[in-house]
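Numbering of ligands and ligand atoms starts at 1, following listing order. Not measured: the values here are computed from a predicted model.
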Amino acid sequence: MRITMLAGGVGGAKFAKGVRALLRSPQFQRDHPDSALTIVTNVGDDMWLSGLKVCPDLDSIMYALADVNDTTRGWGRQDESERVSAEMGAYGVGWPWFTLGDLDLGTHIARTGLLRDGLTLSAVTAQLCSRWELGARLLPSSDDDVETWVELEPGYDEPEAVHFEEWWVRLRARVPARRFIQRGVDSAQPGAGVVEAIADADVVILAPSNPVVSVGTILGYPGAGGRAGVPGIPGVAEAVRETPAPVVGVSPIIESNPLRGMARQCLEALGQECSAEAVGLAYGSRRSGGLLDGWLVDDADAAALPSLRQTGLSARSAPLWMTDAETSRQLAADTLDFAAHC
Ligand code: GDP
Ligand code: CA
């Protein structure tokens with residue numbers, strides 16, 4: 001069974017670990033001896049910082065699948081030190097609020113070196129990932145530089161626009177976003193292998209990742225009430241609409257609570273409501289030009305099932321909190337079972 005999943009960073013990584021655990025279970029291996037997981041990752045958070053190409057979402061997934069991520073902080077590497085960034089700070093270089101650990105910097109230096117040698121981001125990613133036993137293939141959604149920038153509401157004594165990571169990490173999304181701009185997206189192409197991974201999949205899954213700045217910057221997300229949406233990487237949503245595989249999404253919103261992330265601020269910037277139902281409806285049913293065959297919501301949001309079904313979507317509820325390895329694996333199993341029935 002070829003599973004292709006579209007994901008952002010931390011939420012995507014938790015779900016990816018659940019899918020991998022399921023694929024490695026004896027029962028699943030008996031039923032599906034040749035299964036493979038491909039993860040198409042968001043590149044919108046990527047940036048050039050102090051001359052280095054930093055790819056937060058790619059690295060969150062790589063570190064999590066390699067079991068070297070820092071689960072306490074929720075980002076970066078375990079057993080990290082910060083000598084290099086302290087030294088850079090002493091020179092006044094870099095972002096003081098965006099500390100890059102020494103081990104993490106090793107990744108960024110290696111990546112940048114390979115890019116400077118002329119490799120594409122997807123070739124570089126394959127090389128970096130080959131160091132670990134990830135049990136999944138990671139494909140950047142584009143090999144081109146596409147950066148999510150945030151146009152800020154005026155009157156906050158801040159620049160007109162900041163990189164998404166600056167809005168997220170330094171401003172904690174407290175300064176309202178007027179709109180998101182994916183710099184470079186117009187001329188961007190899908191990353192190597194992305195369209196094929198979607199077209200040739202047996203199942204396509206939209207991970208429970210931020211619907212605007214993770215999945216939306218891959219597939220697009222509509223604006224409402226006169227607000228601009230985000231466009232997505234040209235060609236990827238088309239591949240999702242056309243694949244013969246079932247396409248199911250797992251809601252990143254539970255009880256209108258965007259969990260630990262700040263999905264609410266992102267959805268509000270697009271004039272969209274922050275609920276499992278609204279996100280499912282915004283992605284829409286493939287029967288009417290949307291992206292999904294099925295939308296999985298939390299049991300707490302089961303009241304939304306009838307109105308989701310009215311639009312032609314298959315909809316089901318299940319426990320969506322991934323609190324540990326077992327709940328992530330169970331969610332992966334529920335998602336694949338749902339995909340087989342919708
Ligand atoms: P980021 O790129 O590191 O921000 O991570 P993602 O975009 O992949 O995921 C962040 C989003 O995942 C959050 O905004 C939440 O909406 C969602 N999320 C996080 N944990 C869970 C969980 O346990 N269950 C579900 N359903 N969604 C989650
Ligand atoms: Ca991210």
Inset, instruction - Just do the salt bridge (Lys or Arg N to Asp or Glu O under 4.0 Å) check on Arg77 and Asp59 with the steps written out, would you? - result: CA-CA 9 Å; Arg77 294 280 298 267; Asp59 289 343; over 6 Å; no
Inset, instruction - May I have the step-by-step check of salt bridge (Lys or Arg N to Asp or Glu O under 4.0 Å) for Glu82 and Arg73, ending in yes or no? - result: CA-CA 14 Å; Glu82 292 170 359; Arg73 271 189 316 186; 3.7 Å; yes
Inset, instruction - Check the pair Glu151, Arg179 against salt bridge (Lys or Arg N to Asp or Glu O under 4.0 Å), reporting the backbone distance first and the verdict last. - result: CA-CA 5 Å; Glu151 242 179 58; Arg179 65 182 189 128; 3.4 Å; yes
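The name of the N, O or S atom in Asp45 nearest to the Ca ion (ligand 2) is OD2. Distances from the Ca ion (ligand 2) to the N/O/S atoms of Asp57 are shortest for OD1.
Heavy-atom proximity to Trp321, at under 4.0 Å, picks out these atoms of ligand 1: 23 (O). Remark: ligand 1 atoms within the under-4.0 Å shell around heavy atoms of Asn210 are 6 (P), 7 (O), 9 (O), 10 (C), 11 (C). Those atoms of ligand 1 that come under 4.0 Å of a heavy atom in Leu320, given as number and element, are 22 (C), 23 (O), 24 (N), 25 (C), 26 (N). Of all atoms in ligand 1, numbered sequentially from 1 with element shown, those under 4.0 Å from a heavy atom of Pro252 are 15 (C), 16 (O), 17 (C), 27 (N). Each of the following atoms of ligand 1 lies closer than 4.0 Å to a heavy atom of Gly12: 8 (O). With ligand atoms numbered from 1 in the order given, ligand 1 contributes 2 (O), 6 (P), 7 (O) to contacts under 4.0 Å with heavy atoms of Ser214. Which parts of ligand 1 touch Asp57 is read off a 4.0 Å heavy-atom cut-off, strictly below it: atoms 2 (O).
Considering backbone and side-chain atoms together, Ile254 places no N or O closer than 3.5 Å to any N or O of ligand 1. Considering backbone and side-chain N/O atoms, Ser251 comes within less than 3.5 Å of an N/O atom of ligand 1. Not one N or O of Trp168 is nearer than 3.5 Å to an N or O of ligand 1, by distance alone.
Cluster annotation: Leu103 and Leu58 are assigned to distinct hydrophobic clusters (Ile/Leu/Val/Met/Phe/Trp/Tyr, side-chain heavy-atom contacts under 4.5 Å, transitive).
In this structure, the side chain of Thr243 does not engage the main chain of Ala239 through any donor-acceptor pair within 3.5 Å. Side-chain atoms of Thr112 come within 3.5 Å of backbone N or O of Lys53 as a donor-acceptor pair. Between the side chain of Arg309 and the backbone N or O of Ala315, at least one donor-acceptor pair lies under 3.5 Å. Within the 3.5 Å criterion, the main-chain N or O of Ala302 finds no donor-acceptor partner in the side chain of Ser317.
Residue contacts with ligand 1 for Ala13 are absent, since no atom lies close enough (heavy atoms, distance under 4.0 Å).
Compare Gly11, Ala7, Ser60 by their heavy atoms: the one nearest to atom 9 (O) of ligand 1 is in Gly11.
In this structure, Arg170 is not positioned above the aromatic face of Phe98 in the sense of NZ or CZ being under 6.0 Å from the six-membered ring centre and within 45° of the axis.
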